[in-house]
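Notes follow once the structure below has been shown.
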Amino acid sequence: MKKINIYVGLLLVGGFLASCDADSVDGIDFGVNLRNERQEIYVGDEVTFDFDGNPDYIVFYSGEDGHKYANKDRLKVDVESMSLSYTMKQVYTKPSYQNRANVHIYVSEDFKGLCTAQGIEEATWTELSGAGGWKVPTCPNVTTETVTDNGDLSGYMDKKFYLAFQYETPASEEYQPRFDIEPLTLTKMVEGQEIKMTNPEKEFGFTYVFPKGKPAGNYNPSATRLLFQPSSDNTGLPAEIWAISQQLDPSAVSPDEGTPIKSLDTTAPSYTYKYMAPGEYVVTFVARNANMWNVESAVREIKITVKER
């Protein structure tokens, strides 16, 4: 009976060792060389990288903005400056609405994201427009006026905040004016590079709230514009309509991404890429052998200089 137990034990140990061996992955044997490395590289040239070894997976980081291996885990950046620029056009302005500001620009740090009249009322809003602030149309005895301005938002570059435009008109028997805000651009400087936000619908994420006035389809954000245009059935009633952005966090960034160029079921003896802007780039290739239990990785870098032709 003892001999049988020992035999079974040996079988179990042997099976365990075989399983552990099956879970292992091969070590990485991988090298990268720049083909024609002595030749100068110009914008638009094909740059070919030759590989030694055949890892299961290869990911390519070009070294361009958004594709730097050094920034693959980065979630925050230091913002050096920030501003908001816009062009605002007011049209169809009847005498009742001339010589007054019908749109106001605000920011809030404590708005809770509750897009209702109560949510707006409970928040603290700092006005950026008006006397001594950013320009908005007032239509001094004219029906149409267009203003363009650029305001400094550096005071908020390390804070989370909401941006809002308030359309506000008193009751009148005359048709209320229309506002087009286009373009609208938030510009921040990060590591000496300008990063721009220009899409009111997708990037700013504006939502309309109607404390006073009738909701209508012609209040809407698009990829290029914010539109305020009361419908004819709002004539004779006051209007208060807010367009409020999603919470903006200027220092937040998405991690840089690489491009997968080889998977387990393919071969890749080389890779070719074109750079469309001059500069110095740290090109990175990440090679991996992997299964469900283990991963072996190797990182290879090559520095290149791309010149203007």
Side-chain angles (χ1 to χ4, degrees), residues 43 60-88 104-113 123-136 147-165 181-206 221 223-226 243-259 275-284 299 301-308:
V43 171
F60 167 70
Y61 291 83
S62 68
E64 297 165 297
D65 289 339
H67 303 282
K68 296 180 180 179
Y69 178 76
N71 296 337
K72 67 181 179 62
D73 299 317
R74 184 181 66 171
L75 298 174
K76 291 284 187 179
V77 295
D78 292 328
V79 181
E80 298 154 19
S81 64
M82 187 169 67
S83 63
L84 185 77
S85 62
Y86 57 89
T87 294
M88 192 180 297
H104 309 270
I105 308 171
Y106 294 96
V107 293
S108 176
E109 295 178 57
D110 62 1
F111 179 62
K112 298 297 190 294
T124 303
W125 298 94
T126 300
E127 184 166 8
L128 304 176
S129 57
W134 300 354
K135 299 176 184 176
V136 295
V147 300
T148 296
D149 206 354
N150 186 306
D152 184 21
L153 272 179
S154 294
Y156 295 90
M157 62 188 183
D158 58 352
K159 301 175 182 179
K160 297 178 181 180
F161 67 95
Y162 292 83
L163 176 68
F165 291 84
I181 303 171
E182 181 182 15
L184 176 66
T185 304
L186 180 71
T187 303
K188 60 184 180 182
M189 187 71 69
V190 177
E191 297 177 351
Q193 300 290 325
E194 281 191 350
I195 300 175
K196 295 181 181 291
M197 180 187 296
T198 60
N199 188 318
E201 180 182 18
K202 303 287 185 170
E203 295 178 311
F204 285 93
F206 279 105
T224 60
R225 181 183 67 184
L226 273 180
I244 305 175
S245 75
Q246 63 188 354
Q247 189 181 61
L248 304 177
D249 185 357
S251 65
V253 294
S254 299
D256 283 21
E257 296 182 348
T259 302
Y275 288 86
M276 305 311 295
E280 295 183 351
Y281 300 95
V282 178
V283 185
T284 307
V299 178
E301 291 185 347
I302 295 179
K303 295 180 180 180
I304 65 172
T305 300
V306 179
K307 298 181 178 182
E308 194 73 72

Would you call [X] and [Y] a side-chain contact if the rule is heavy atoms closer than 4.5 Å?
| X | Y | result |
| --- | --- | --- |
| Phe165 | Val136 | no |
| Thr224 | Thr198 | no |
| Pro255 | Asp73 | no |
| Leu128 | Leu153 | yes |
| Tyr106 | Ile244 | no |

With a cut-off of 6.0 Å (strictly less than), are more than 12 heavy atoms of other residues, nucleotides or ligands near [atom1] of [X]?
| X | atom1 | answer |
| --- | --- | --- |
| Lys303 | NZ | no |
| Glu257 | CD | no |
| Asp78 | CG | no |

[X] side chain to [Y] backbone, donor-acceptor under 3.5 Å:
| X | Y | value |
| --- | --- | --- |
| Asp149 | Lys135 | yes |
| Glu80 | Glu191 | yes |
| Asn71 | Arg74 | no |
| Gln246 | Glu203 | yes |
| Ser108 | Thr124 | yes |

Subject >> Partner residues of Thr148 under the side-chain hydrogen bond (donor to acceptor under 3.5 Å, both in side chains) criterion, sequence neighbours left out >> reply: Thr87

At what distance, to the nearest 0.5 angstrom, does [atom1] of [X] lie from [atom2] of [Y]?
| X | Y | atom1 | atom2 | value |
| --- | --- | --- | --- | --- |
| Leu184 | Arg225 | CG | CZ | 13.0 Å |
| Ser62 | His67 | OG | NE2 | 5.5 Å |
| Thr187 | Ile195 | OG1 | CD1 | 10.0 Å |
| Phe111 | Leu163 | CZ | CG | 12.0 Å |

Original post:
Under 30°, 30 to 60°, or over 60°: which ring-plane class applies to Phe204 and Phe206, parallel, tilted or perpendicular?
Top reply: parallel

Original post:
Is the Trp134 ring parallel, tilted or perpendicular to the Tyr86 ring (thresholds 30°, 60°)?
Top reply: tilted

Original post:
Is there a side-chain contact (heavy atoms from CB on, under 4.5 Å) between Ile105 and Met88 once you walk through the steps?
Top reply: CA-CA 11 Å; Ile105 308 171; Met88 192 180 297; 4.2 Å; yes

Testing the basics here: between [X] and [Y], what is the closest heavy-atom pair and its distance to 0.1 Å?
| X | Y | value |
| --- | --- | --- |
| Val306 | Val43 | CG1-N, 3.6 Å |
| Lys112 | Asp110 | NZ-O, 3.2 Å |
| Pro278 | Lys307 | CB-C, 4.2 Å |
| Glu127 | Ser129 | OE2-OG, 2.9 Å |
| Asn150 | Ser83 | OD1-CB, 3.5 Å |
| Pro200 | Ala223 | CD-O, 3.3 Å |

Do any side-chain atoms of residues 154-162 form donor-acceptor pairs under 3.5 angstrom with protein atoms, and if so which ones, sequence neighbours left out?
| unit_1 | atom_1 | unit_2 | atom_2 | d |
| --- | --- | --- | --- | --- |
| Ser154 | OG | Met82 | N | 3.4 |
| Ser154 | OG | Asp152 | OD1 | 2.8 |

Subject >> Partner residues of Tyr69 under the ring-ring contact (aromatic ring centres under 6.0 Å, His included) criterion, sequence neighbours left out >> reply: Tyr61

